[in-house]
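Take a look at the structure set out below.
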Number of protein chains: 2
Amino acid sequence: MNEKELAELSGGVESLGFRPLYRQVRDRLIRRLVDGVWAPGEPLPSEIQLAAELGVSQGTVRKALDAMAAENLVVRRQGRGTFVARHDEERIMFQFFKLVGDDGQRTFPQSKVLALSLARANAAERAALKLAKDTRVIRIRRLRSIKGAPVIVENIALPEPMFPGLAAMEPPNNLYGLYAMRFGVTVASTREQLKAVAVCEADAEALGATPGVPALKIDRLALSLERQPVEWRVSVCLTEKLHYLSELR
Amino acid sequence: MNEKELAELSGGVESLGFRPLYRQVRDRLIRRLVDGVWAPGEPLPSEIQLAAELGVSQGTVRKALDAMAAENLVVRRQGRGTFVARHDEERIMFQFFKLVGDDGQRTFPQSKVLALSLARANAAERAALKLAKDTRVIRIRRLRSIKGAPVIVENIALPEPMFPGLAAMEPPNNLYGLYAMRFGVTVASTREQLKAVAVCEADAEALGATPGVPALKIDRLALSLERQPVEWRVSVCLTEKLHYLSELR
DNA sequence: TAGTGGTCTAGACCACCGA
DNA sequence: CGGTGGTCTAGACCACTAA
């Protein structure tokens, strides 16, 4: 069953001309995730079932699933099965939320929406989200607090066509969970650019801080499974009692 | 040859009571790296040779080497062999140096040593580096410039026993390369804590900046292969034309 | 106890590299 | 061309989970 099918899907750069079978299997399974064949938290079929269905050996399916587990797309549990990764607060917290208290405590912040609007994308938004001219975006501005103390003010921009009707909803605390549950959009990776800045007047007022105080600016672009821009978010954080934790290996 | 040897080595937390063979193989190979059996850049024996020598199958050696490649300890090249990872500027740049120009350019900075001294570790150094009382540390203060413009001032503390004689040397641009080549100490991972701060008088003078300007403070602890603290480094960075890049998946 | 993922082996063949 | 790592298969057995 060694047919080198000519599936063409998203993914990393390939040497073009050779596409390992397990890579093709991975891509086909990711396609099913994108299509919502299995909901987050649900178990996939067992390795043996998938192998039989796809006409490859169990070892090849295993290698594909291992790769997906390394990408945090599925969770494997010995004796139980392989499950579609969930975007609950716990996962987000450890995967994408890197702000930690100086005492080492991680606390997921509460959020308060300050403004929500719908408008044509401006030049910056079009560039960041790779949008065509005249595409509409949803803009959210919110204040996030940890233990009652306001520490982050953030401006979020979303392509409206990807999230139809979101502008009319009450945004929950955990936006990535909403994207996944209600719009089938999975945030698979992010690219963050950090700078130190002086807090501007508007942000200072929202945060209850003195204008000009140093703050950490986090410019984040979130990408979907297909590596399409999903969300652009600029956060301004007071880091007096917090820090951004980055572990490199 | 399925003897579950009772090798006890560094590494992640184990369920204690079961230690996969490939894990044991990995640990034995890491032990050899630590002992300097193969120098950085040198090829390891082929999978088949290692398998024969260690009395396991080629597949098991492969799994161990794959794990080590994922940890950036070795580099595998199809058709050539498996090589001990080098700590040259290129590798450091992409693995541990996360500052990128706003134009997307990565430039390894030039360094100028401002001060170098040898002293008993103070309380903060003992805590960070997990040192016994009265251990001596080497302190280096240096200024780093990109394209001639000073952008980083950093204070480095090293356990003197781990780097005997370093205090009398002229520190090169790339310290991690020196640690590896001259002292057999490999920096395998780092933990960085980022904050926004106002530049203090002393740092401002070194950087040629105005005191009070916002800057990015990076508090980095570097760990060896055995997960022992190797270096404590606090960098203060001007991020007007730079940013810290963090990619999360 | 049945079913899952995890480990280990053995062997075949493929892609890639350098002499 | 020979040697390397990379892929794929098939099958045995182990560790873990839930009923």
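Labels below follow one simple rule: chain letters A, B, ... track the order of the sequence lines, proteins then strands, and each chain is numbered from 1. Both backbone and side-chain heavy atoms feed into the values below; hydrogens, waters and symmetry mates do not.
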Whole angstrom value for the distance that separates P of D:dG5 from CZ of B:Arg80: 11 Å
Under 4.5 Å between any side-chain heavy atoms of B:Asp27 and B:Arg23, yes or no? yes
For D:dT9, does OP1 or OP2 lie under 4.0 Å from any side-chain N or O of A:Thr60? yes
Using whole Å, report how far CD1 of B:Ile48 lies from C1' of C:dG11. 11 Å
Per A:Asp66 side chain, nearest of listed nucleotides C:dT9, D:dC8, C:dG6: C:dG6
Of the candidate nucleotides C:dC16, C:dG6, C:dT9, which contains the atom at the shortest distance from the side chain of B:Gln78? C:dC16
Any base atoms under 4.0 Å from A:Arg62, or only sugar-phosphate, or nothing? Heavy atoms, all strands. base
Roughly how many Å is it from CD in A:Gln49 to C1' in C:dT4, rounded to a whole number? 11 Å
The nucleotide from D:dC8, C:dT4, C:dC8 with an atom nearest the side chain of A:Pro20 is D:dC8
Mind calculating the distance between CZ (B:Arg76) and P (D:dT4) to the nearest angstrom? 12 Å
Check the phosphate of D:dT4 against B:Thr82, side-chain N and O only, distance under 4.0 Å to OP1 or OP2. Yes or no? no
Spacing between B:Arg23 atom CZ and D:dC14 atom C1', to the nearest angstrom: 18 Å
We want to know whether B:Asn174 and B:His87 form a side-chain donor-acceptor pair, criterion being a heavy-atom distance below 3.5 angstrom. no
Given atom CZ of B:Phe83 and atom C1' of C:dG18, what is their separation to the nearest angstrom? 11 Å
Quick one: is C:dC8 close enough that its OP1 or OP2 comes under 4.0 Å of any side-chain N or O from B:Lys63? no
Please check this pair: side chain of A:Thr239 against backbone of A:Leu242, looking for a donor-acceptor N/O pair closer than 3.5 Å. no
Spacing between B:Phe18 atom CZ and C:dG5 atom P, to the nearest angstrom: 17 Å
Send over the distance from B:Gln24 CD to C:dC8 P, rounded to a whole Å. 8 Å
Walk me through it: do A:Arg220 and A:Glu154 pass the test salt bridge (charged side-chain N to carboxylate O under 4.0 Å, His left out)? CA-CA 11 Å; A:Arg220 170 196 287 181; A:Glu154 59 192 9; over 6 Å; no
Does B:Arg77 put a side-chain nitrogen or oxygen below 4.0 Å from OP1 or OP2 of C:dC17? no
Under 4.0 Å: is that the gap between some side-chain N or O of B:Ser46 and OP1 or OP2 of D:dT4? yes
Nucleotide of D:dC8, C:dC8, D:dG5 approaching A:Tyr22 most closely (side-chain heavy atoms): D:dC8
Given the rule in the side-chain hydrogen bond (donor to acceptor under 3.5 Å, both in side chains) test, do A:Tyr179 and A:Glu231 qualify, once you have shown the distances and angles that lead to the verdict? CA-CA 10 Å; A:Tyr179 301 164; A:Glu231 178 204 75; 2.7 Å; yes
